[in-house]
Peer 1: 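Handing you this structure, nothing more for now.
Just so we're on the same page: letters track the sequence lines, and every chain starts at 1.
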2 protein chains.
Amino acid sequence: MPTQTNENYLKALYYLHQKNSAISITDLGKEMEVSKPTVNDMVKKMQAKGWVKYEKYKPLQLTKQGLREATFIIRKHRLSEMFLSQVMGFGWEEVHDMAEEMEHLKSEMFFDRMDEILGFPTKDPHGSPIPDKNGNFVKPDYRLLSQVEIGKKVVLRALRESSTEFINFLNNKEIKLGTTMTIKQIEPFDKSMTVCYTTHTDVILSHTVCNGLLVEQLT
Amino acid sequence: MPTQTNENYLKALYYLHQKNSAISITDLGKEMEVSKPTVNDMVKKMQAKGWVKYEKYKPLQLTKQGLREATFIIRKHRLSEMFLSQVMGFGWEEVHDMAEEMEHLKSEMFFDRMDEILGFPTKDPHGSPIPDKNGNFVKPDYRLLSQVEIGKKVVLRALRESSTEFINFLNNKEIKLGTTMTIKQIEPFDKSMTVCYTTHTDVILSHTVCNGLLVEQLT
DNA sequence: AAATTTTGTTAGTCTTATCTAACTTTTTAA
DNA sequence: TTAAAAAGTTAGATAAGACTAACAAAATTT
């Protein structure tokens, strides 16, 4: 059974893998905000437990078991977010940090009951898929708004980041899941985009913001 | 801010204080299931943090601050039990262990929202008082069934232990909070009691069981 | 009051998770 | 293709939370 710290390393590895296939000790250290020797040590321990595969100077890999563990932590995180939002009435901008704590609770019953109460949801409040009790889930292949061309129409389906700060920004701009946007212009200099949606015309979104929005392309 | 381990020591001290005013290093060690040197060390650390007062070979004391911290942990525990039982539909025999984990969550918002959803309850599913947001609560002075005399009539108001095992025993005997019982007989040899309640006549309860039941005396 | 038992303390060790400083390997760029 | 930069490793330390073995102090019993 992974410790809480182990769980955080597993989750970090999982997220890094989503973007990048070759994860370095340094990458993981940055994600976890710890020094390289700390990661080095931890990786050895986690390899001994069978969760990661590592050879000196080579990229890190999650084993099948490690992936399984990571998936269950993510299940617990996303179910918690969903429960906090749907049952306890918290806003989508508030749930991430609380779920970050709750994901380490060990009681399976607790999460299974949440799942049941929520009617076995497949998406969390930020649009991310929730693995089921067996660890299965479908990863829809949305694209980043930042990668969409000018003139296209898209629907916001998920966020790649769920920090309170980021979501407060979206709330201010009245952007939510399901919002349909048309890309009017892309500034070559800073890659910022001018978009239109609902009653808003010509809203400028920075590249950083566009990089956090996962969309489904309509046209 | 106390660590999770600190919180458990504080809670243990709090519970020991309820029965016994003079708590020894040994007592705390037994409650926490750790060795005496471990307690000794920990007590020094917790004294440095201002939660306990201790002089060599003298009894342990919770400081005002320590008592405050303990009260908030108990608030979190009991609110969790209430939420698990009232909102999530768990049985009173299932909630203790889950609440034992949940009580260490740091988010105040989470517990305050629970409190609100539950309508600011003052008792948990086992009849124990729930401290409010300021740490205040009334400790009703029930007496132990084991201390009641023969012939008296009592109502079960709270449990002094909330383990699944103990409550499963009560469930089997169809004893719940609010059950009115009459004490028919007390066996001098082993202090077991013969009681009558609802449709049950002449049920024998061991001293151990009677010691776990907090009752209000009617006659 | 002395002997015994219980209680508490000291000293030294372990594990987990972290650090810095210094060194080595690999990669990249001149 | 070698020099510089980046990445990774080793060694030694620290803090929290635990242990055992051995000793000291206090309380209890005879």
Peer 1: Between A/Thr3 and C/dA17, does any side-chain N or O lie under 4.0 Å from OP1 or OP2?
Peer 2: yes

Peer 1: Taking only residues two or more places apart in sequence or in another chain, which ones pass side-chain hydrogen bond (donor to acceptor under 3.5 Å, both in side chains) with A/Thr3?
Peer 2: A/Asn6

Peer 1: Can you see if the side chain of B/Tyr9 gets near the phosphate of D/dA16 - specifically, an N or O under 4.0 Å from OP1 or OP2?
Peer 2: no

Peer 1: On DNA chain C, nearest-nucleotide positions of B/Lys36 versus A/Asn6: which is more 5'?
Peer 2: B/Lys36

Peer 1: Near DNA chain C, under 4.0 Å by heavy atom, which residues of residues 37-46 of chain B?
Peer 2: B/Pro37, B/Asn40, B/Lys44

Peer 1: What pairs of residues pass the ring pair (Phe, Tyr, Trp, His ring centres under 6.0 Å) test when at least one of them lies in residues 99-151 of chain B, not counting sequence neighbours?
Peer 2: none

Peer 1: Return each pair, listed once, that meets salt bridge (Lys or Arg N to Asp or Glu O under 4.0 Å) where at least one residue sits in residues 14-39 of chain A; pairs must be two or more places apart or across chains.
Peer 2: none

Peer 1: Check whether more than 12 heavy atoms from other residues, nucleotides or ligands sit under 6.0 Å from atom CD of B/Glu55, and answer yes or no.
Peer 2: no

Peer 1: Closest to the B/Thr5 side chain: D/dC19, D/dG17, D/dA7?
Peer 2: D/dG17

Peer 1: Restricting to ring pair (Phe, Tyr, Trp, His ring centres under 6.0 Å), what partner residues turn up for B/His77, sequence neighbours left out?
Peer 2: B/His96

Peer 1: Is the phosphate of D/dA7, meaning OP1 or OP2, less than 4.0 Å from a side-chain N or O of A/Ser24?
Peer 2: no

Peer 1: Is A/Thr26 near enough to D/dG8 that one of its side-chain N or O atoms lies under 4.0 angstrom from OP1 or OP2?
Peer 2: yes

Peer 1: If you find the nucleotide of DNA chain D closest to B/Lys49 and the one closest to B/Val34, which residue's nucleotide is nearer the 5' end?
Peer 2: B/Lys49

Peer 1: Treating primed atoms plus P, OP1 and OP2 as sugar-phosphate and everything else as base, which nucleotides of nucleotides 24-29 of chain D get B, S or - for protein heavy atoms under 4.0 Å?
Peer 2: -SS---

Peer 1: Which nucleotide in the set C/dG8, C/dT18, D/dA7 lies at the smallest distance from any side-chain heavy atom of B/Tyr54?
Peer 2: C/dG8

